[in-house]
Amino acid sequence: KDEFDLGKILLHDDKYYEEVINPIMYNYITDLDLFRRNAAIAIGNSEDPSYIPVLEKALKYDNLEIKKIVQWALDKLSFMEK
């Protein structure tokens, strides 16, 4: 699906979850924070600086583990952009 991308997974809202993620992954997702964390790791490893604005938005999450991984990904992609 075109709607299924890492940035949208990381920042997903209830509507995106219900319409895109849940129909595909409903048997595999038990912890949405873990799913967001994994998306942030994949983004960090993507070597694609176009994800930087998505990562900056993701810093809003209260979960410290997500913030830590998002910051790691942001630092990695910011370094690659230079």
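Throughout, residue positions are numbered sequentially from 1 according to the sequence presented. Keep in mind that this is a model prediction, so the values were computed, not measured.
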Trainee: Find the distance between CG (L59) and NZ (K67) and round it off to the nearest 0.5 Å.
Mentor: 7.5 Å

Trainee: Which heavy atom of N63 sits nearest a heavy atom of I66, and at what distance?
Mentor: OD1-N, 2.9 Å

Trainee: Are I21 and H12 packed together at the side-chain level, in the sense that at least one heavy-atom pair is separated by less than 4.5 angstrom?
Mentor: yes

Trainee: Working to the nearest 0.5 Å, report the span between CG of N22 and CG of D14.
Mentor: 11.0 Å

Trainee: My understanding is that only residues two or more places apart in sequence, or in another chain, count here; which of them pass salt bridge (charged side-chain N to carboxylate O under 4.0 Å, His left out) with E65?
Mentor: R37

Trainee: Measuring from S78:OG to Q71:CD, what's the distance to the nearest 0.5 Å?
Mentor: 8.0 Å

Trainee: Would you mind reporting whether Y16 and D13 have side-chain heavy atoms less than 4.5 Å apart?
Mentor: yes

Trainee: Search all heavy atoms of L10 against all heavy atoms of A58 and return the closest pair with its distance.
Mentor: CD2-CB, 3.6 Å

Trainee: Tell me the closest heavy-atom pair linking P53 and P49, and the distance in Å.
Mentor: CD-O, 4.3 Å

Trainee: Identify the two heavy atoms, one from A73 and one from A40, that lie closest to each other, and give their separation to 0.1 Å.
Mentor: CB-O, 3.6 Å

Trainee: Please lay out, stage by stage, how L77 and I43 fare under the test side-chain contact (heavy atoms from CB on, under 4.5 Å).
Mentor: CA-CA 9 Å; L77 295 184; I43 288 171; 3.8 Å; yes

Trainee: Hey, are the side chains of Y61 and V70 touching, using non-hydrogen atoms and a 4.5 Å cut-off?
Mentor: no

Trainee: Under a 4.5 Å side-chain heavy-atom rule over Ile, Leu, Val, Met, Phe, Trp and Tyr, are V20 and L32 clustered together?
Mentor: yes

Trainee: Between CH2 of W72 and CD1 of I41, what distance do you get to the nearest 0.5 Å?
Mentor: 6.5 Å

Trainee: Is there a chain of hydrophobic side chains (I, L, V, M, F, W, Y, each step under 4.5 Å between heavy atoms) that links L11 to I52?
Mentor: yes

Trainee: A side-chain contact here means heavy atoms from C-beta on lying under 4.5 Å apart; do L74 and Y51 qualify?
Mentor: no

Trainee: How many angstroms lie between atom CG of D33 and atom CD1 of I69, to the nearest 0.5 angstrom?
Mentor: 12.5 Å

Trainee: In the structure I gave you, are the side-chain heavy atoms of N45 and K76 within less than 4.5 Å of one another anywhere?
Mentor: yes

